[in-house]
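Taking it in order: structure first as structure tokens, then the write-up.
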Amino acid sequence: MYLLVNILGVAIFILVALAFSKKKREINWRSIAIMVVINLFLAWFLTEFSLGRNMVEGAANGFNWLMSAAYQGIQFMVPAMPKVTELGFFMSVLLPVIMIVPLFDILTYIGILPWIIKWIGHGLSKITGQPKFESFFAVEMMFLGNTEALAVSSLQLKLMKSERNLTLAMMSMSCVTASIIGAYTTMMPGQYILTAIPINIINAIIITSILNPVKVTAEEDTIAEMTGSNSNDLEVSESDGKKEPFFAFLGDSILGAGKLVLIIAANVIAFVALAALIDNILGLANPNLSLENILGVIMFPFAWLMGFNPSDAFELARYMGTKLVTNEFVVMGQVSSTINSFAPHYKAVLTVFVTSFANFSTIGMIIGCFKGIVNKEKNDVIARNVGYMLLSGILVSLLSAGMVGIFVW
């Protein structure tokens, strides 16, 4: 019965997107159907098929290997420390990011990452029938993150009409950054983290294509040259078009990674503290009243639709709500010590749901990024559709978790 409920839930999440669609008659249902089939196949292949499981487990082990190399750098700086992995969230999860971010930046500098992004994006466009840049952007933000992908696509954003910019803003709610996947895999099951990422990409296109369908003509369906580049590839260049010296570039990348670690740490501290403060205030009215319980009630129907009994659905709903109000790191920190004892279905659904940047704080980051790139008229369109941005992020997370949940019991 729970499997049937899970399948029904996936259909309902798509119907919710349809109910809020801006232009129902312009939805390309053929493209949507193709992408749904692809994602269901991916969910099956990466969770049930032995080759797929081996691939994601190998990738997860690769990220864990990178994290172990980063730990050596931390222990070199503080040799008196015990094992880094026993030193808590900041030391064992965030500090390794300082090594992994520059690694991905180096791959961008030498042209490997841009090449991968470009050709996967083009291939995705041909298979799904979606506009070239939207497909390109979906892959781009998987590796670079939302604000970084928007920044390197600034020329394209300026040339596109407001409706397409809104689509990209909505898609940006559902990305992750490849450079912090290693941090995720130290806290949650790596195989489900790596499964969630490609499924999120396609579901972001599915949901935004339903919520905000946009007709793109052949003349508009192009990819503009990236800023500072002589091709469609992303390159790190100075204002005169010459590539920045490698070690100057690497120094900037390391400093940027350090700032990213501080930003994540500040957000986690602030959100955990604010949530505790809200719980204390609510407790004055009723000892059983808490932010998690309120969020659990709101998200309960959606959690139940992924195939859970009422008790597990309510607990899952609390985690889901906490993630949306705070961020994924807060929830990962709460469950990291117990996640491996969860039932397989619960473990898979929760891990996939939290693997994205979909939360309230991301909305401000995206709007701020667009404000620095596009004109006021285009930015105002995005600012007026904050609700659609949040709805898009929630539905993508639900759809991805629901699809994976179908195959893991």
Side-chain angles (χ1 to χ4, degrees), residues 5-37 39-40 128-131 134-135 137-138 141 146 160-175 199-216 294-295 297-306 317 320-321 323-325 349 352-353 356-367 370 378-403 405:
V5 172
N6 195 156
I7 295 171
L8 177 64
V10 169
I12 289 175
F13 301 148
I14 294 175
L15 290 175
V16 170
L18 175 62
F20 286 92
S21 176
K22 289 176 174 288
K23 300 174 183 177
K24 295 180 176 63
R25 294 183 178 180
E26 294 187 13
I27 298 173
N28 184 347
W29 285 110
R30 180 179 178 276
S31 176
I32 299 296
I34 291 171
M35 288 187 285
V36 168
V37 170
N39 250 2
L40 288 172
T128 63
Q130 290 295 306
E134 279 78 347
S135 300
F137 183 80
M141 69 181 183
N146 43 26
M160 292 195 314
K161 53 190 177 184
S162 301
E163 293 84 356
R164 292 182 73 188
N165 276 328
L166 176 58
T167 293
L168 299 184
M170 292 161 63
M171 290 173 65
S172 297
M173 293 293 294
S174 302
C175 76
I199 291 175
N200 276 347
I201 291 175
I202 299 177
N203 278 338
I205 302 175
I206 291 173
I207 293 299
T208 54
S209 297
I210 296 173
L211 288 174
N212 186 46
V214 180
K215 293 286 186 181
V216 179
I294 293 172
L295 295 172
V297 172
I298 295 171
M299 297 300 295
F300 173 79
F302 303 102
W304 181 80
L305 283 169
M306 286 187 283
M320 291 163 61
K323 186 261 184 182
L324 295 172
V325 174
V349 168
V352 173
F353 183 87
S356 80
F357 291 164
N359 56 59
F360 287 102
S361 62
T362 298
I363 294 173
M365 293 170 59
I366 294 170
I367 292 176
F370 270 98
K378 291 181 178 179
N379 190 68
D380 286 347
V381 170
I382 294 167
R384 287 196 299 268
N385 285 275
V386 165
Y388 271 86
M389 291 170 61
L390 184 61
L391 178 62
S392 172
I394 293 172
L395 287 177
V396 170
S397 293
L398 289 171
L399 193 57
S400 295
M403 286 179 167

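Model, not experiment: these values are computed from the prediction.
For the atom pair Glu26 CD and Ser21 OG, the distance stands at 8.5 Å (nearest 0.5 Å). Note that CG of Leu40 is 9.0 Å distant from CD1 of Ile7, once rounded to the nearest 0.5 Å. From Met171, atom CE reaches atom CD1 of Ile201 across 9.0 Å, with rounding to the nearest 0.5 Å. Atom CG in Leu166 sits 9.5 Å away from atom OG1 in Thr208 (nearest 0.5 Å). If you take CD1 on Ile382 and CD on Glu163, they are separated by 11.0 Å, rounding to the nearest 0.5 Å. Remark: Met299 CE to Leu305 CG distance equals 10.5 Å, nearest 0.5 Å.
Contact between Ser392 and Met170 at its shortest, heavy atoms only, is OG-O, 3.3 Å. Among all heavy-atom pairs drawn from Pro131 and Val216, the shortest one is CG-CG2, 3.7 Å. Summarising the geometry of Leu211 relative to Phe20, their closest heavy-atom pair is CD2-CB, 3.8 Å, with the distance given to 0.1 Å. The minimum heavy-atom distance linking Val349 with Ala401 is given by the pair O-CB, 3.6 Å. Of all the heavy atoms in Ile27 and Pro213, the pair that sits closest is CG1-CG, 4.0 Å. Of all the heavy atoms in Ala358 and Leu324, the pair that sits closest is O-CD2, 3.5 Å.
Two residues are said to be in side-chain contact when any heavy atoms from C-beta on lie closer than 4.5 Å; Met173 and Ile366 meet this criterion. Residues Arg164 and Leu168 fail the side-chain proximity criterion, which asks for heavy atoms closer than 4.5 Å. A heavy-atom distance below 4.5 Å is not found between the side chains of Val352 and Met403.
Residues meeting the side chain to side chain donor-acceptor pair (under 3.5 Å) test with Lys22, sequence neighbours left out: Asn385.
A distance-only check finds no donor-acceptor pair linking the side chain of Asn203 to the backbone of Ser397 [under 3.5 Å]. Side-chain atoms of Thr362 come within 3.5 Å of backbone atoms of Phe357 as a donor-acceptor pair (strictly under, hydrogens ignored). Under the 3.5 Å distance criterion, the side-chain polar atoms of Lys378 are left unmatched by any main-chain donor or acceptor of Phe370.
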Practice prompt. Applying side chain to side chain contact (heavy atoms under 4.5 Å, CB included), run through Met306 and Phe13 and close with a yes or a no.
Written response: CA-CA 10 Å; Met306 286 187 283; Phe13 301 148; 4.1 Å; yes

Worksheet item: Please walk me through it: do Leu399 and Asn39 pass side chain to side chain contact (heavy atoms under 4.5 Å, CB included)?
Response: CA-CA 10 Å; Leu399 193 57; Asn39 250 2; over 6 Å; no

Discussion item. Run the side-chain hydrogen bond (donor to acceptor under 3.5 Å, both in side chains) test on Thr167 and Glu134 for me, step by step, so that the C-alpha distance in whole Å, both residues' side-chain angles and the decisive distance to 0.1 Å come before the verdict.
Written reply: CA-CA 8 Å; Thr167 293; Glu134 279 78 347; 5.4 Å; no

Fill in: Stepwise side chain to side chain contact (heavy atoms under 4.5 Å, CB included) test for Leu15 and Leu18
CA-CA 5 Å; Leu15 290 175; Leu18 175 62; 4.2 Å; yes

Practice prompt. Start with the C-alpha distance between Asn200 and Ser356, add both sets of side-chain angles, then the distance that settles side-chain hydrogen bond (donor to acceptor under 3.5 Å, both in side chains), and finish with yes or no.
Written response: CA-CA 8 Å; Asn200 276 347; Ser356 80; 5.2 Å; no

Worksheet item: Yes or no on side chain to side chain contact (heavy atoms under 4.5 Å, CB included) for Met35 and Gln130, after CA distance, side-chain angles and deciding distance?
Response: CA-CA 10 Å; Met35 288 187 285; Gln130 290 295 306; 3.8 Å; yes

Discussion item. Does Ser162 form a side-chain hydrogen bond (donor to acceptor under 3.5 Å, both in side chains) with Asn165? I'd like the steps, not just the answer.
Written reply: CA-CA 5 Å; Ser162 301; Asn165 276 328; 5.5 Å; no

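Summarising the local packing, CZ of Phe302 is surrounded by 12 or fewer heavy atoms from other residues, nucleotides or ligands at distances under 6.0 Å.
Looking at Val37, Ile205, Ile206 one by one, the single match for side chain to side chain contact (heavy atoms under 4.5 Å, CB included) with Ile32 turns out to be Ile206.
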